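For this chain, numbers begin at 1 and follow the sequence in order. What you see is a predicted model, and the numbers here were worked out from it, not measured in a lab.
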Amino acid sequence: DLLTSDTFGRLKYLLFYFWLTPFLNTVFKGRDFEKLCHGSRKIAFWKRLRSPASFSDREGIEEVDIVITIGQVVILVECKYRSSVQPEVVGHKRDQIIRYLDAAVFKYWPDSGINRQIFFVLLTDDEVEPEILSQYRNPQKIFTGLTQSRPFINYEYISERLAHNVGWGKWSDILQVLKSQDLKKV
C-alpha cells in the first residue's frame, strides 16, 4: 500500500497524457488511449465497492487500490508488490479479480444502457503475467463468475467487453513511461 500511495499519489498531480496514456498503451498493446485522457477525471484510492446483493453477505465490500474515472471510462488498478492476487479463500467462492469485476459492473454499469467502459489493470512485480489474470481474457470465464443479479443487463456483452479490457503491467513499466517523457513538458 505504501508503494501504491507514494507512486500514484504523485502521479495524480501530473497530466494524464503524460503518464496514464502511455502506461495504458503499454498494458493494452496495440490499442490507442490518446483520446481517453480528455474530460473530467478523478482518482480514488482504496475505493470501496459493494458486491451484488447475492454475494455481499458472504463476500462483503471489495476495496480496489485505485479507481480512475474519466468521463464514461472507469479503470480499476490492483497493485501487488511481493504479494499475489487472493485466490478463492474460505467463505469466498471467487478470486479477488472476479469479485472486483463483479462489484465494478454492479456499481458502474447502469441499467439505462449508457455505454460505459470498465478496464481492469493488475500491476505486479512479476516478470510474466499471472495465470490468475490470464484466465479472464476468456469472456466465458467472466460470464460464469459474474453474479448476473440485474435482469435488464446483457451479461454476455459485458463479459466480452471486460475480457478485452483486462490488462497486466509491471511496476517497471511505469518507470519506463516516466523515463521516456520530456520533463520540460511537465
Side-chain angles (χ1 to χ4, degrees), residues 1 3-39 41-47 49 62-86 95-105 107-109 115-139 141-142 145 158-182 185-186:
D1 287 347
L3 182 59
T4 301
S5 63
D6 280 354
T7 303
F8 288 92
R10 286 171 173 76
L11 289 176
K12 74 178 184 176
Y13 293 108
L14 297 175
L15 296 172
F16 277 18
Y17 73 82
F18 183 79
W19 67 274
L20 184 59
T21 300
F23 176 66
L24 291 174
N25 288 340
T26 299
V27 169
F28 297 98
K29 293 165 185 50
R31 294 175 64 183
D32 183 10
F33 289 88
E34 293 301 320
K35 294 179 184 173
L36 173 68
C37 293
H38 301 290
R41 50 193 181 257
K42 180 180 174 185
I43 296 181
F45 293 91
W46 300 286
K47 177 86 172 171
L49 301 177
E62 304 302 334
E63 190 175 89
V64 181
D65 289 340
I66 302 164
V67 176
I68 302 170
T69 308
I70 307 167
Q72 295 298 322
V73 175
V74 177
I75 305 164
L76 289 82
V77 182
E78 180 61 18
C79 303
K80 298 292 183 186
Y81 184 74
R82 296 187 179 175
S83 64
S84 58
V85 172
Q86 293 173 359
D95 65 49
Q96 186 178 15
I97 294 172
I98 195 64
R99 292 193 326 261
Y100 284 7
L101 291 174
D102 199 20
V105 168
K107 173 152 178 80
Y108 296 112
W109 199 281
N115 247 349
R116 227 179 194 163
Q117 287 194 68
I118 300 172
F119 290 85
F120 178 83
V121 176
L122 179 62
L123 184 62
T124 72
D125 57 336
D126 299 320
E127 287 303 314
V128 295
E129 180 176 290
E131 283 185 41
I132 197 166
L133 178 69
S134 301
Q135 68 182 331
Y136 293 112
R137 298 206 193 291
N138 176 349
K141 182 69 176 174
I142 293 175
I158 291 172
S159 298
E160 290 281 340
R161 299 263 312 260
L162 288 173
H164 187 65
N165 292 344
V166 168
W168 167 70
K170 299 182 283 188
W171 283 100
S172 60
D173 293 337
I174 292 178
L175 181 60
Q176 289 304 107
V177 162
L178 294 174
K179 283 182 174 182
S180 70
Q181 299 300 317
D182 181 359
K185 292 182 181 179
V186 181

Apply side-chain contact (heavy atoms from CB on, under 4.5 Å) to the pair Ile97 and Leu133, showing each step before the final yes or no.
CA-CA 7 Å; Ile97 294 172; Leu133 178 69; 3.9 Å; yes
Would a distance-only check, ignoring hydrogens and angles, find a side-chain to backbone donor-acceptor pair under 3.5 Å from Asp125 to Arg82?
yes
Just wondering, do Trp46 and Val64 contact through their side chains at under 4.5 Å, heavy atoms?
no
Taking side chain to side chain donor-acceptor pair (under 3.5 Å) as the criterion, tell me which of Gln96, Lys47, Arg99 meets it with Glu62.
Arg99
CG (Leu101) and CD1 (Ile98) are apart, to the nearest 0.5 Å, by 5.0 Å
Check: Leu178 main-chain N/O paired with Gln181 side-chain donor or acceptor under 3.5 Å
no
Short question: side chain of Ser83, backbone of Lys80 - any donor-acceptor pair under 3.5 Å?
no
Could you measure the distance from the OH atom of Tyr136 to the CG atom of Leu122? Nearest 0.5 Å is fine.
11.5 Å
side-chain contact (heavy atoms from CB on, under 4.5 Å) between Ile174 and Trp19, worked out:
CA-CA 8 Å; Ile174 292 178; Trp19 67 274; 5.9 Å; no
Just verifying a value: how many Å separate Arg116 CZ and Arg161 CZ, rounded to the nearest 0.5 Å?
11.5 Å
Give, for atom CH2 of Trp168 and atom CZ of Phe120, the distance between the pair rounded to the nearest 0.5 Å.
13.5 Å
If every non-hydrogen atom of Val177 is compared with every non-hydrogen atom of Pro22, which pair is closest and at what distance?
CG1-CG, 3.6 Å
Return yes if some donor-acceptor pair links the side-chain N/O of Tyr100 with the main-chain N/O of Glu63 below 3.5 Å, else return no.
yes
The reported gap from CD in Gln117 to CD1 in Ile70 (rounded to nearest 0.5 angstrom) is 10.5 Å
Side-chain contact test, heavy atoms from C-beta onward, threshold under 4.5 Å: evaluate it for Ile118 versus Ile158 and give yes or no.
no
All pairs passing salt bridge (Lys or Arg N to Asp or Glu O under 4.0 Å) where residues 129-138 contributes a residue, at least two apart:
Glu129-Arg137
Donor-acceptor contact present, side-chain Lys29 to main-chain Thr26, <3.5 Å
yes
Work out which heavy atom in Asp102 is nearest to a heavy atom in Gly145; give both atom names and the distance.
OD2-O, 4.3 Å
Which distance, rounded to the nearest 0.5 Å, do you find between the OH of Tyr81 and the OG1 of Thr124?
11.0 Å
Nearest heavy-atom contact between Ser159 and Pro139 is CB-O, 3.4 Å
Do the non-hydrogen side-chain atoms of Ile43 and Leu11 ever get within less than 4.5 Å of each other?
no
In this structure, is the centre-to-centre distance between the rings of Phe33 and Phe119 below 6.0 Å?
yes
Heavy-atom neighbours of Arg10 CZ exceed 12 at 6.0 Å:
no
Judged by atom type as modelled, is there a donor-acceptor pair below 3.5 Å linking the side chain of Asp6 to the main-chain atoms of Leu3?
no
Show your reasoning for whether side-chain contact (heavy atoms from CB on, under 4.5 Å) applies to Val77 and Phe23.
CA-CA 12 Å; Val77 182; Phe23 176 66; 5.7 Å; no
Kindly determine whether Thr4 and Trp171 satisfy side-chain contact (heavy atoms from CB on, under 4.5 Å), including the steps that lead there.
CA-CA 10 Å; Thr4 301; Trp171 283 100; 4.1 Å; yes
